[in-house]
There are 2 protein chains.
Amino acid sequence: MKRNLSETCYDFFSTLANPTRLAILELLRGGPKNVTDIANNLNQEQSMVSHNLKPLEKCRFIFSERKKRERLYSLNRETMEPLFKTFIYHSEKYCPAGGRCLTEGELREQKRKDASSKVFVTH
Amino acid sequence: MKRNLSETCYDFFSTLANPTRLAILELLRGGPKNVTDIANNLNQEQSMVSHNLKPLEKCRFIFSERKKRERLYSLNRETMEPLFKTFIYHSEKYCPAGGRCLTEGELREQKRKDASSKVFVTH
DNA sequence: CAGATGTATGAATAATTTTTCATATGTAGG
DNA sequence: CCTACATATGAAAAATTATTCATACATCTG
């Protein structure tokens with residue numbers, strides 16, 4: 001029952017496509033934290049943090065273990081660091097507009113640059 | 001005006017978090033295609049394909065160039081291949097359930113395995 | 001075991017995103 | 001310049017996802 005990339009990737013990327021969850025992942029780069037700490041750090045409700053931790057753990061971007069009363073969440077660095085690295089490389093090379101995607105005008109400008117510097121690749 | 005990861009990553013990952021767009025990216029691994037070809041291959045409306053091509057190009061996951069009447073879209077392999085590679089590695093190691101995220105039961109089972117095989121990392 | 005602390009859950013509402021359909025724009029050829 | 005082909009766009013409707021709030025559950029401590 002092999003499934004193709006586009007099917008299997010969807011959970012993976014949609015779990016990452018959320019500002020709160022990305023903020024949690026970034027926070028956990030600094031080390032394991034419990035739910036309350038995460039909520040305080042991000043200025044978010046505890047229940048919202050819990051709701052968002054669930055898909056992150058389901059996809060195993062984070063791990064968790066109980067420690068006394070609390071539950072410590074930690075980052076799956078093996079996956080997340082390469083992912084962040086690819087993002088950073090891409091955004092620095094292709095999206096120099098402060099790391100975000102391009103506006104219409106910026107896109108036109110980039111395409112012009114690409115064309116003149118032969119970076120443009122059509123394969 | 002440096003922005004943190006969680007802000008800048010959002011466009012990047014949310015553009016990938018869509019089945020149609022993932023299918024387009026996968027299709028373009030096979031080489032450049034025009035809009036009509038993509039629509040036919042995916043059995044989707046042309047307008048829907050166009051709508052989905054836009055964010056992909058905005059984030060520069062794909063490039064495009066006009067060729068006579070049509071417009072040829074091609075994959076930014078430099079970004080997409082490492083991304084797919086990270087996904088495949090992750091899903092094979094952490095989500096052996098056919099490449100998708102885990103169900104409740106599967107997650108418990110995995111955590112048990114992690115614990116016994118010392119793969120579990122808390123950092 | 002009662003209370004305190006920490007976390008998870010369900011369900012309603014709110015917000016965002018996707019899809020569709022009609023139509024506009026852009027380009028090449030006769 | 002008229003027509004056909006190729007692609008893009010806007011706006012409404014549909015679908016999905018996020019957020020909130022109340023409350024349940026689980027664990028530790030005295």
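Letters A, B, ... mirror the listed sequences (proteins, then strands); counts begin at 1. Being a predicted model, the structure only gives us computed values, none of them experimental.
Put simply, B/Asn18 has a side-chain N or O that comes within less than 4.0 Å of OP1 or OP2 on C/dT18. Contact between the side-chain N/O atoms of A/Lys54 and the OP1/OP2 oxygens of C/dT9 is found at a separation under 4.0 Å. Between C/dG29 and B/Lys68, a contact under 4.0 Å exists linking OP1 or OP2 to a side-chain N or O. Contact check, A/Ser47 against D/dT19: no side-chain N or O comes under 4.0 Å of OP1 or OP2. A close approach under 4.0 Å does not occur between any side-chain nitrogen or oxygen of A/Arg71 and OP1 or OP2 of D/dA26. The side chain of A/Tyr73 contributes an N or O atom lying less than 4.0 Å from OP1 or OP2 of C/dA8. The side chain of A/Tyr10 contributes no N or O atom lying less than 4.0 Å from OP1 or OP2 of C/dT18.
At a cut-off of 3.5 angstrom, counting only N and O atoms as typed in the model, there is no donor on one side facing an acceptor on the other between the side-chain of B/Gln46 and the base of D/dA6. The base of D/dA26 has none of its N or O atoms less than 3.5 Å from a complementary donor or acceptor on the side chain of A/Arg69.
Residues A/Arg66 and B/Thr36 both approach DNA chain D. Their nearest nucleotides, taken by heavy-atom distance, put B/Thr36 toward the 5′ side.
Note on ring orientation: taking the six-membered ring where Trp is involved, the planes of A/Phe63 and B/Tyr94 are tilted (angle from 30° to 60°).
The backbone N or O of B/Ile88 sits less than 3.5 Å from a side-chain atom of B/Ser91, completing a donor-acceptor pair. Checking side-chain atoms of A/His51 against main-chain N and O of A/Gln46 turns up no donor-acceptor pair under 3.5 Å.
Put simply, CG on A/Asn40 is 13 Å from C1' on C/dT5, counting in whole angstrom units. In this structure, A/Gln44 places its CD atom 11 Å from C1' of D/dA18, rounding to the nearest Å. Put simply, CG on B/Asn52 is 10 Å from C1' on C/dT17, counting in whole angstrom units. In this structure, B/Glu65 places its CD atom 15 Å from P of C/dT27, rounding to the nearest Å.
Side-chain contact check for A/Arg21 and A/Asn52: at least one donor-acceptor pair (N or O, by modelled atom type) lies under 3.5 Å.
Residue side chain B/His51 fails the stacking definition with respect to C/dT18, as its ring centre and the base's six-membered ring centre are not both under 5.5 angstrom apart and under 30 degrees in plane angle.
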